[in-house]
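Below: one structure, written as structure tokens.
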Amino acid sequence: MRKKIIAGNWKMNKTAAEAAALIAGIKKEIEGVTTVEVVVCPPFTDLKDAAAACAGSSVMLGAQNVHWEASGAFTGEISAAMLKDLCVTHVIIGHSERRQYFGETDATVNKRTKAALAAGLTPIVCVGETLEERDGGQMESVVVRQTKLGLADLGADLAKIVVAYEPVWAIGTGRTASPEQAQQVHALIRRTLAEIGGVAVADTIRIQYGGSMKPDNAKELMSQPDIDGGLIGGAALKADSFAAIIKAGV
Ligand code: PEP
């Protein structure tokens with residue numbers, strides 16, 4: 001039985017003080033919830049205060065990116081050790097906004113994933129097709145390619161990752177994949193993971209759905225057999241809506 005994992009991707013939102021207040025609100029709302037893993041992923045500048053706000057609770061801390069080198073001349077980048085130093089346990093890698101606006105490729109996703117794993121961070125590796133790709137009949141090939149290349153050569157560490165299926169056409173659009181549409185792709189991702197690392201390992205890997213997941217559609221999506229939680233954007237920015245999604249996963 002895979003434990004559901006709900007992560008909030010705050011993107012470029014919230015100051016440090018706002019982050020601490022939001023985490024305090026989430027903690028209050030989800031008191032007593034133990035059957036779902038909860039991760040918040042604020043901007044880098046919030047991580048120190050966010051770590052203090054998470055301390056002593058089950059809410060875990062994630063970052064939104066990590067560089068593959070340990071240190072050096074990489075202006076604007078953050079290393080895995082820097083994240084570990086701030087009590088970060090998870091990191092989102094290969095989000096479609098990174099792929100679309102910041103030149104992220106399957107090769108750099110793979111390098112970041114390896115660096116995160118080497119440092120003991122749990123990568124949340126995002127895959128998903130654009131509307132153009134779906135309409136052009138390429139959904140399957142895109143998702144399989146991103147999964148295989150992004151997760152290439154991880155060896156036994158493959159078992160430690162989380163995958164997020166995020167159809168790009170559903171992110172921030174209010175247009176959610178239907179539970180059946182999402183399940184079809186999640187099953188495809190799990191088959192692909194089985195090709196890479198074997199069925200036994202694939203069966204243990206959590207695959208989150210992301211793309212306009214809200215309190216009113218979360219339960220139906222997460223009741224699909226291969227949907228093991230959510231990566232939440234907009235609805236993660238308020239304690240009540242994020243908590244309602246978490247409770248839908250209980
Ligand atoms: C995301 O960006 O990861 C996301 C799922 O956003 P939203 O929930 O706002 O669609």
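Start at 1 and go down the list; that is how both ligands and their atoms are numbered.
- Looking at Gln146 and Asp106, their side chains never bring a donor and an acceptor atom within 3.5 Å of each other.
- Here Ile171 has heavy atoms under 4.0 Å from ligand 1 in both its backbone and its side chain.
- Within a 6.0 Å radius of CD in Glu97, more than 12 heavy atoms belonging to other residues, nucleotides or ligands are found.
- Each of the following atoms of ligand 1 lies closer than 4.0 Å to a heavy atom of Leu231: 3 (O), 5 (C).
- Near Ala170, meaning under 4.0 Å from one of its heavy atoms, ligand 1 places the atoms 10 (O).
- Each of the atoms 7 (P), 9 (O), 10 (O) of ligand 1 lies under 4.0 Å from some heavy atom of Gly172.
- Residue Thr173 places no N or O, backbone or side chain, under 3.5 Å from any N or O of ligand 1.
- The option from Glu166, Lys214, Gln64 that lies nearest to atom 3 (O) of ligand 1, judged by heavy atoms, is Glu166.
- The closest approach between a heavy atom of Ser96 and any atom of ligand 1 is not below 4.0 Å.
- Among all protein heavy atoms, the one lying closest to atom 2 (O) of ligand 1 is Lys11 NZ, 2.5 Å.
- For the residue pair Glu133 and Thr130, a side-chain donor N or O sits within less than 3.5 Å of a side-chain acceptor on the partner.
- Of all atoms in ligand 1, listed by their number and element, those nearer than 4.0 Å to a heavy atom of Gly211 are 5 (C), 10 (O).
- In terms of protein heavy-atom proximity, atom 9 (O) of ligand 1 is closest to Gly234 N, 2.9 Å.
- Of the N and O atoms on the side chains of Glu129 and Trp169, at least one donor lies less than 3.5 Å from an acceptor on the other residue.
- A distance of 11.0 Å separates CD1 of Ile92 from CZ of Arg98, quoted to the nearest 0.5 Å.
- Looking only at heavy atoms of the protein, atom 8 (O) of ligand 1 is closest to Gly233 N, 2.8 Å.
- Side chains of Ser96 and Gln100: a donor-acceptor N/O pair is absent below 3.5 angstrom, by distance only.
- At most 12 heavy atoms of other shown residues, nucleotides or ligands fall within 6.0 angstrom of atom CD in Gln184.
- In Ala235, neither the side chain nor the backbone holds a heavy atom less than 4.0 Å from any atom of ligand 1.
- Taking any N or O of Ser212, backbone or side chain, at least one lies under 3.5 Å from an N or O belonging to ligand 1.
- In this structure, CD in Glu104 is found 6.0 Å from CG in Asn65, a value given to the nearest 0.5 Å.
- Inclusion of Ile232 in the set of residues having an N or O under 3.5 Å from an N or O of ligand 1 is not warranted.
- Note that CD1 of Ile23 and CG of Asp49 are 9.0 Å apart. Values are rounded to the nearest 0.5 Å.
- Residues Gln224 and His186 bring no donor and acceptor atom of their side chains to less than 3.5 Å of each other.
- Summary of contacts: the protein heavy atom closest to atom 1 (C) of ligand 1 is His95 NE2, 3.3 Å.
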